[in-house]
Participant: 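This is the structure, below, for whatever I ask next.
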Amino acid sequence: MIFPYLPILLVDLIGSIMMMILSFLCLRFLFKLKRTDPNNLIWTFLLWLCLALACFAVSRAAGHILKNILVLSGHRSIWQMIRPFSGGINTITFIVAGSVTLFFERIWNTYQLILKDRKELRITHDKLLYLNENLEKMIDERTRALAVSEYKYRQLFEVSRDMIIVAGKDGRILNLNPSGCHMLGLDCTQENISKRYVQEFLFDKKGWPAIMSAVETNGFISSDEYVVLTSEGVSLRALFSASSAKGAVGEEDSIYILVKNIEKRRLMEAQIAQADKLASIGELSSGVAHEINNPLGIILGYSQLLLRNEGKASPLYQDLKTIEKQVKNCKTIVEDLLRFARTSPSRKEKCDIRQLIEDVLGFLQHNFNPDKIRIKKDYDIKLVPMLLDEKRIKQVIMNLVMNALHAIGNSGTIEIATLAHPHRNKVSMIIRDTGHGIEKKYLPRIFDPFFTTKPTGEGTGLGLSVSYGIIKNHGGTINVESTPGKGSTFTIDLPVNI
Ligand code: ADP
């Protein structure tokens, strides 16, 4: 009965023995691998799997061998009894193998996550290590870059020709550049400026609120004109540009203000406008003067002709004399007008300006009381002879000195100074008096023809305009500075043309 199954039983027997041997060989091999790398998770997993499979192989092979022995020896009934135990052990070992695999799958995922974290940790660690090693160098580099940038902006602040103010919102000056100190006439120690407010230096007291409200509404102001009042009380027209800046941590917000002094530019514009105005008046008046000059000549000629035929006792004689005098006055005015308009040719010769002043003063000495009116002279010894129209320059000096005498009245001082500027190739003549001065509103008009503040009959208003024309004709300039109640200073600059 059993005989036909013998080969297959043998195969089963040998197969079972081989199964056990192979599983134990695998186990041994994995033990070896595990020993070489105890932390290797795969080797651990395979070791456990092999252990489960070895158990399974032993249980299964032992079961089959036992079964074959019992069946061959005719004890099939005993095998039937223990068969469920063998099957149970097989099932358990398989469950163990399956569980180990599933468990490993979980472990493997966790392991991968740990590996990822470990990698990131290592990168961070490397970065930290790099930072640690290079931190000092990096701080050094940043500090140097910051210092360079700070130096650049400091330079901008220091060398700017315009005033730069950093102020708090209440107007308190936090920082002021050297140009600002110069413009405001301040001695710029930090202690000095930190007690000052921008509004102190604004002529218009509503200026600061206006600036602040514009900055708060629009964020900035650009080139708004305000008058700056320096600490010496001088007023300067200036353009204000400002914007607000957020303060750094722990610092208040501030306003950055750039102030451009345009006083010189405005004065220049006024001078150009004045020159234009005088040029057009000159053109007009010279036309009129030419037209009037001829009839005046004829009237003068006829009145002199009639005078010749009248005896001094004649009733007409005095009338004709009056006509002659008035016509001569008119002719003088007309000639002045023509001179102002520069129509008559000038004759320039080499002369010493000091001599011209002396001649005029000599001529005028009977017009004032030397006990009450002091004439101070201050001539520069470096003066050189100049090419001048002697008669006309004398007329200018005469006009200016006569005006000064009129302004000081009974007593005072007139100072006449000359100054050589060899490097600039020019000579200045300054005539200063301690008279009543000129009101600010009249200053722009005093060179206009016919402008006079003197009573009718005392002034024609042509003296300064004629002087202006003569000086222009010489390529020079004439300027005035005056403080009402204290006096006036006329400065004439003439080029040295030798
Ligand atoms: P006039 O002397 O005939 O008035 P000017 O052209 O010489 O004409 O002067 C014009 C005006 O300028 C004067 O009327 C006077 O108001 C003013 N002025 C000129 N020189 C002086 C001075 N030295 N001090 C004060 N005012 C002056």
Side-chain angles (χ1 to χ4, degrees), residues 270-271 274-275 277-282 284-286 288-289 326 328-342 356-357 360-361 363-364 367-369 372-378 391-418 428-474 476-493:
Q271 272 177 6
Q274 173 78 353
K277 187 172 75 183
L278 292 184
S280 31
I281 294 173
L284 186 78
S285 44
S286 83
V288 175
Q326 293 305 327
K328 276 184 177 169
N329 278 349
C330 287
K331 268 191 90 61
T332 316
I333 292 175
V334 167
E335 271 159 22
D336 276 348
L337 268 179
L338 286 172
R339 227 170 277 142
F340 162 65
R342 288 176 250 147
L356 305 190
I357 297 170
V360 172
L361 290 177
F363 182 74
L364 288 176
N367 288 29
F368 57 87
N369 180 353
K372 300 248 171 95
I373 293 174
R374 202 172 144 227
I375 305 280
K376 249 172 88 179
K377 290 178 265 183
D378 182 8
K391 250 174 91 183
R392 292 185 177 175
I393 292 294
K394 271 187 187 172
Q395 190 185 348
V396 172
I397 301 169
M398 175 94 82
N399 284 341
L400 296 182
V401 176
M402 284 298 284
N403 278 344
L405 281 170
H406 191 273
I408 59 178
N410 289 333
S411 64
T413 307
I414 298 174
E415 190 184 331
I416 306 177
T418 53
S428 297
M429 176 166 63
I430 299 136
I431 298 180
R432 187 176 291 125
D433 66 66
T434 56
H436 53 63
I438 305 165
E439 279 184 53
K440 211 170 175 187
K441 62 176 177 185
Y442 292 146
L443 272 177
R445 299 178 59 198
I446 58 166
F447 293 102
D448 292 357
F450 306 113
F451 174 78
T452 180
T453 55
K454 293 173 189 167
T456 329
E458 277 188 43
T460 57
L462 280 171
L464 285 182
S465 48
V466 167
S467 304
Y468 178 91
I470 293 171
I471 297 301
K472 272 265 156 234
N473 200 23
H474 278 77
T477 57
I478 176 165
N479 288 301
V480 61
E481 278 171 43
S482 182
T483 315
K486 291 200 170 160
S488 313
T489 304
F490 283 83
T491 307
I492 292 172
D493 286 334

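Counting starts at 1 for both ligands and their atoms, following the listed order. Numbers here are sequence positions counted from 1.
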Participant: Quick one: does ligand 1 sit under 4.0 Å from the side chain of Asp433, the backbone, both or neither, non-hydrogen atoms only?
Facilitator: side chain
Participant: Considering only protein heavy atoms, which is closest to atom 16 (O) of ligand 1, and at what distance to one decimal place?
Facilitator: Thr453 OG1, 2.3 Å
Participant: Starting from atom 10 (C) of ligand 1, which protein heavy atom do you reach first, and at what distance in Å?
Facilitator: Phe451 O, 3.2 Å
Participant: Judged by non-hydrogen atoms, does Tyr442 sit under 4.0 Å from ligand 1?
Facilitator: no
Participant: Could you check if a side-chain atom of Phe447 sits within less than 4.5 angstrom of a side-chain atom of Val480, using non-hydrogen atoms only?
Facilitator: yes
Participant: So, Thr434 side chain and Gly487 main chain: donor-acceptor pair closer than 3.5 Å or not?
Facilitator: no
Participant: Looking only at protein heavy atoms, which one is nearest to atom 4 (O) of ligand 1, and how far off is it?
Facilitator: Thr452 OG1, 2.6 Å
Participant: For ligand 1, indicate whether the residue Phe447 contacts it via side chain, backbone, both or neither (heavy-atom separation under 4.0 Å).
Facilitator: neither
Participant: Gly461 to ligand 1: N or O pair under 3.5 Å?
Facilitator: yes
Participant: Can you find a heavy atom in the side chain of Ile408 that is under 4.5 Å from one in the side chain of Phe368?
Facilitator: no
Participant: For ligand 1, find out whether one of its N or O atoms is nearer than 3.5 Å to an N or O atom of His436.
Facilitator: no
Participant: Mind telling me whether His406 and His436 have parallel, tilted or perpendicular rings, with 30° and 60° as the class edges?
Facilitator: perpendicular
Participant: Which protein heavy atom lies closest to atom 5 (P) of ligand 1, and at what distance to 0.1 Å?
Facilitator: Leu464 N, 3.5 Å
Participant: Looking at Met398, I want to see if its CE is surrounded by more than 12 non-hydrogen atoms of other residues, nucleotides or ligands under 6.0 Å.
Facilitator: yes
Participant: Does Gly437 reach ligand 1, in the sense of a heavy atom lying below 4.0 Å from it?
Facilitator: yes
Participant: Who's the nearest protein heavy-atom neighbour of atom 24 (N) of ligand 1, and how far?
Facilitator: Ala407 CB, 3.2 Å
Participant: Need the ligand 1 atom indices (1-based, order shown) with element for anything under 4.0 Å from a heavy-atom of Gly459.
Facilitator: 3 (O)
Participant: Checking a contact table here: which protein heavy atom is nearest atom 7 (O) of ligand 1, and how many Å away?
Facilitator: Asn403 ND2, 2.8 Å
Participant: Looking at atom 17 (C) of ligand 1, what's its closest protein heavy atom, distance included?
Facilitator: Ile446 CG2, 4.0 Å
Participant: For Thr491 and Asn479, test the side chains for any donor-to-acceptor distance below 3.5 angstrom and give the result as yes or no.
Facilitator: no
Participant: Is the NZ atom of Lys454 crowded by more than 12 outside heavy atoms at less than 6.0 Å?
Facilitator: yes
Participant: Ligand 1 versus His406, non-hydrogen atoms closer than 4.0 Å: side chain, backbone, both, neither?
Facilitator: neither
Participant: Which residue in the set Ile393, Ile416, Val401 passes side chain to side chain contact (heavy atoms under 4.5 Å, CB included) when paired with Ile357?
Facilitator: Ile416
Participant: Would the number of heavy atoms belonging to other residues, nucleotides or ligands and lying under 6.0 Å from CG of Asn369 be above 12?
Facilitator: yes
Participant: With rounding to the nearest 0.5 angstrom, report the CD1 to OG1 distance, Ile492 to Thr477.
Facilitator: 8.5 Å
Participant: What protein heavy atom lies closest to atom 18 (N) of ligand 1? Include the residue and the distance to one decimal.
Facilitator: Ile438 CD1, 4.2 Å
